[in-house]
Number of protein chains: 2
Amino acid sequence: MYSIGDLSRRTGVKAPTIRYYEQMGLLEAPQRSEGNQRRFAKAELERLAFIRHARDLGLTINSIRQLIDLSGHADRPCADADRIAKEQLASVRDRIAKLQKLEEELERIATCCTGETIGDCYVIRALSNHSLCGHEH
Amino acid sequence: MYSIGDLSRRTGVKAPTIRYYEQMGLLEAPQRSEGNQRRFAKAELERLAFIRHARDLGLTINSIRQLIDLSGHADRPCADADRIAKEQLASVRDRIAKLQKLEEELERIATCCTGETIGDCYVIRALSNHSLCGHEH
DNA sequence: CTAATTGCTCTAGTGACTAGAGGTTCAAGA
DNA sequence: TCTTGAACCTCTAGTCACTAGAGCAATTAG
């Protein structure tokens with residue numbers, strides 16, 4: 001049995017976050033000590049690692065809840081789990097593409113400033129004047 | 001003079017968001033009609049375009065406030081504006097790198113599932129078992 | 001003049017936590 | 001056994017950049 005602090009050290013998830021996951025229904029309410037402190041079994045440690053892994057991959061609490069529900073039904077088709085992973089992949093790719101456009105533009109803005117004062121600072125001018133942009137956005 | 005709706009249509013920024021920017025001190029409190037409705041001058045339209053542009057580039061409200069303050073002092077050195085742009089660029093690059101790692105891993109997870117049921121679904125197994133990951137994270 | 005549209009303020013909700021207050025329990029050393 | 005200090009408890013509120021809705025007032029087109 002682990003206290004919340006043990007669990008926190010083993011998973012790298014802070015104690016308030018563990019309580020938050022419980023509140024959100026990702027972790028089941030654990031057993032309690034006589035003095036009302038949480039006592040987690042190994043299964044909870046594993047589930048927390050699952051949650052942390054999924055969060056690191058950018059999945060939302062809601063998606064994770066769905067996956068946990070799914071994982072309780074080993075006999076069902078896994079199309080839903082596949083769909084969640086594929087949607088997440090698509091969204092990550094989308095975000096990368098958008099950030100790369102920003103990178104391009106910021107690079108131009110941040111490296112082209114040869115002025116000395118705000119009056120002729122390229123950063124300020126580029127932000128004021130959309131037509132200085134390399135492409136529309 | 002533009003009403004808040006005019007401004008919204010011209011800039012693509014929703015009216016509540018415009019009020020929010022005013023509340024956050026990015027836009028100065030505009031003139032008002034006799035009936036207390038906002039009436040914006042052209043300068044405010046331009047500033048709103050500046051704000052929108054900076055937001056699209058991922059700058060925070062705080063950074064934008066700093067840039068606006070700077071832009072009011074045309075005689076000062078522009079090192080601060082440069083710094084803000086460069087910091088933003090660094091943060092964008094950082095996010096891209098992290099997302100690309102996620103992309104890799106999600107790709108592996110989402111395309112490797114050949115199971116038919118949850119019981120042997122690679123998505124679920126990969127999330128449960130960190131050692132299936134291509135690299136640490 | 002009336003009806004439809006647009007505007008106003010204020011409050012609360014989003015997601016995924018984080019921080020703090022104010023109190024209780026636990027584990028280890030004396 | 002007692003005491004002390006760390007860890008734990010619940011509850012509320014704050015973060016960021018908006019967004020939604022209630023309930024009312026002003027404006028504009030016909």
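Lettering follows sequence order; numbering is per chain, from 1.
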Under a 3.5 Å threshold, yes or no: a donor from one side chain and an acceptor from the other, between Tyr21(A) and Arg52(A)? yes
Rounded to whole angstrom units, what separation is found between the CD atom of Gln23(B) and the C1' atom of dC8(C)? 13 Å
Please state how far atom OH in Tyr20(A) lies from atom P in dC11(D), giving the value in whole angstrom units. 17 Å
Quick check on dC26(C): is either OP1 or OP2 less than 4.0 Å from any side-chain nitrogen or oxygen of Ser33(A)? yes
Which heavy atom in Ile4(A) sits nearest to a heavy atom in Arg19(A), and how many Å separate them? CD1-CG, 3.6 Å
Just by modelled atom types, is the Met24(A) backbone N or O under 3.5 Å from a matching donor or acceptor in the Arg65(A) side chain? yes
Asn36(A) atom CG is separated from dG23(C) atom C1', nearest whole Å, by 13 Å
Rounded distance (Å) that lies between atom P of dA7(D) and atom CD1 of Ile18(A): 14 Å
If you assign Arg39(B) and Tyr21(B) each to the DNA chain D nucleotide with the nearest heavy atom, which residue ends up on the more 5' nucleotide? Tyr21(B)
How close do Gln88(A) and Gly58(A) get, counting heavy atoms only, and between which atoms? NE2-O, 3.1 Å
Considering every strand and a 4.0 Å limit on heavy-atom distances, what is the contact class for Arg32(A): base, sugar-phosphate, or nothing? sugar-phosphate
Between Arg38(B) and dC8(C), does any side-chain N or O lie under 4.0 Å from OP1 or OP2? yes
Spacing of Met24(A) atom CE relative to dC17(C) atom P, expressed in whole Å: 11 Å
Arg19(B) side-chain proximity, nearest of dT10(D), dT9(C), dT18(C): dT9(C)
Here's a test of your reading of the structure: between Asn62(B) and Phe40(A), which maps to the more 5' nucleotide of DNA chain D? Phe40(A)
Determine whether more than 12 heavy atoms belonging to other residues, nucleotides or ligands lie under 6.0 Å from atom CD of Gln31(A). no
Can you tell me which nucleotide in dA16(C), dC8(C), dT19(D) comes closest to the side chain of Lys14(B)? dT19(D)
Whole angstroms only, please: what is the CG-P distance between Asp6(A) and dT25(C)? 19 Å
For dG7(C) and Ser3(B) - does any side-chain N or O of the residue sit under 4.0 Å from the phosphate oxygens OP1/OP2? yes
Could you state the CD-P distance from Glu34(B) to dA26(D), rounded to the nearest angstrom? 11 Å
Consider the side chain of Gln37(A), meaning its heavy atoms from C-beta on, and name the nucleotide among dG7(C), dT25(C), dT19(D) that approaches it most closely. dT25(C)
Please report, rounded to the nearest Å, how far the P atom of dC18(D) is from the CG atom of Leu27(B). 12 Å
Counting side-chain heavy atoms from C-beta on, which of dC9(D), dA17(D), dT27(D) comes nearest to Ile4(A)? dC9(D)
